[in-house]
Number of protein chains: 2
Amino acid sequence: MALSASKKPQKADAPITKDTIANALSHAIHQHWIAPGTKLGEDELSDIYGVSRTIVRAALQTLAHQQIVEIRRNRGAFIAKPSLTEAHEVFEARELLEPRTARSAARLATPQDIDLLEGHIAQEHDALKAGNHGRALFLSGQFHLEVARIAQQQTIADMIKVLIARSSLIIALYWRRESALCESQAHHALIKAIADQDGDHAEDLMKSHLVDLHSALNLREQPAVQHDLRDLLLKPSG
Amino acid sequence: MALSASKKPQKADAPITKDTIANALSHAIHQHWIAPGTKLGEDELSDIYGVSRTIVRAALQTLAHQQIVEIRRNRGAFIAKPSLTEAHEVFEARELLEPRTARSAARLATPQDIDLLEGHIAQEHDALKAGNHGRALFLSGQFHLEVARIAQQQTIADMIKVLIARSSLIIALYWRRESALCESQAHHALIKAIADQDGDHAEDLMKSHLVDLHSALNLREQPAVQHDLRDLLLKPSG
DNA sequence: CAATGCAATCTTGTATACAATATAGCGCAC
DNA sequence: GTGCGCTATATTGTATACAAGATTGCATTG
């Protein structure tokens, strides 16, 4: 498995629990350290984390419930590979939920919240400059999570958290745009709308931001059209 | 624990897995056979289902991820007791998601789908007539799940499934209206809008239906006011 | 060379044993 | 009667052993 030793967990004071393992794996997945489809063997993770298979299995189940790992009975656990349909569904769900959180965030954000959001963008910019695309991707997702946190609706924030994790897999599989994932201009504009307590504008910006992200996946559907054309070309001689 | 012997699982050909146990418990919770706050002991469930604690723990973890069971470390698993805040959040999330599924269902429903939805109402009516409120409650929730299934957006349907399960707990704790949970008139009107392929109307009806349900919880906030008043009355003599 | 069959090995599923923590009950002091 | 301390017991957390299923590698056949 592609987990390198440099990614081995620190043996700190905190005990290794199913949650620490699940979080570590989730973090690694989010940063694209582990590719979709990768097998996660129980014994291997057990060795890596220094716990029994019992804890590992519980961690894998947690990740499976978040749909970022797929457990196939008798065959093992694998990083999920969302289908194109799932990809569309995930972004569609985000387009439904996140504009609302942006609106609420515009109503509820404190100056500290604004600072924190801006800090996120700065860190993301630093990561990109350093060529650390994985970290930039992670921070980009965290930005969205922070907006959801500011909105003070935990139930919806929890849903968004799962959707963002799944988005990371989707991006690994289907993203083909050259530019950075989330253009910082979009995030900046969003922060301004939130700071200005302009709920309408924040909602519109978040919606169009996500539609934009979604459209970057739509690009992947073009090869299907080319495929049909190819079938057409093969038919006359078939 | 309040699980009665009459609710003991059938020892059928299907093996008892974590999923069958989780589903059985979820079903029992949904029908209010088990009250919020009830302790679910591992050994007890292990006895009841005839499997080891390993399987039981996996089932409980599944239910914990659905937030209908709360696992407290070193203390055990309990049927969740959503706070009033959580109650509001859950219905707010439903108000955001389900109108969209209703709109999509109006676009996608087949005549068979309409028949099935109508069948749900009939069964619910039968259950109420027979005084089987638990079953009526379950079917009422299933109606909403069916609308979500018809909408063909699995990601959102999965979210709605969890929200409906949690709604069942919320209703057990906070519901005080004398009438049946979902008035069949609301469901009938919704079916008609869906059958008529009237997405706008279906969306509006679902929204107002959920707002209505949500408002039945709001009623529970009134005692808080009375509680404050009582404190005021006690203060002068305190 | 490719396909098939078989045995060995690996991995996952499950039960059980042991460790750690919490709870209940009893006796004693005030 | 109440509160505290202690012990026994119950329950949960975790590791380990065993069973079941899958995969791999090798030998044989066509």
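Throughout, protein chains are lettered first and strands after them, A, B, ... in sequence-line order, and every chain is numbered starting at 1.
Atom C1' of nucleotide D/dA22 and atom CG of A/Asn74 are separated by 8 Å, given to the nearest angstrom. Rounding to whole angstrom units, CG of residue A/Asp43 and P of D/dA15 are separated by 13 Å. Taking atom CG of residue A/Asp19 and atom C1' of nucleotide D/dT14, one finds them 15 Å apart after rounding to whole Å. Summarising the geometry, the separation between CD1 on A/Ile55 and P on C/dG13 is reported as 16 Å, rounded to the nearest angstrom. Atom CD1 in A/Ile21 sits roughly 9 Å away from atom P in D/dA15 (whole-Å rounding). When rounded to the nearest whole Å, the span between CG of B/Leu45 and P of C/dT14 equals 16 Å. Between the C1' atom of C/dG13 and the CZ atom of B/Arg57 lies a distance of 16 Å, rounded to the nearest Å. Here D/dT12 presents its C1' atom at 15 Å from CG of B/Asp47, a figure rounded to the nearest Å.
Side-chain contact check for B/His214 and B/Glu95: at least one donor-acceptor pair (N or O, by modelled atom type) lies under 3.5 Å. When only modelled atom types and interatomic distance are considered, B/Asp113 and B/Thr110 share a side-chain donor-acceptor pair under 3.5 Å. Side-chain contact of B/His27 with B/Gln31: a donor-acceptor pair under 3.5 Å is present, judged by distance alone.
Listed nucleotides D/dA15, C/dT14, C/dT12 differ in distance to A/Glu42; the shortest reach to its side chain belongs to C/dT12. Side-chain proximity of A/Thr54 to the nucleotides D/dT12, C/dT12, D/dA15 is greatest for D/dA15.
B/Arg73 comes within 4.0 angstrom of the backbone, heavy atoms only, and of no base. Backbone-only contact: A/Arg75 has heavy atoms under 4.0 Å from sugar-phosphate atoms and none from a base. Residue A/Arg53 is in base contact, counting any heavy-atom pair closer than 4.0 Å across all strands shown.
Put simply, B/Lys39 has no side-chain N or O that comes within less than 4.0 Å of OP1 or OP2 on D/dA10.
A donor-acceptor pair under 3.5 Å is absent between the side-chain atoms of B/Tyr49 and the main chain of B/Val56, judged by distance alone. Without hydrogens or angle criteria, B/His144 side chain to B/Glu98 main chain gives no donor-acceptor distance under 3.5 Å.
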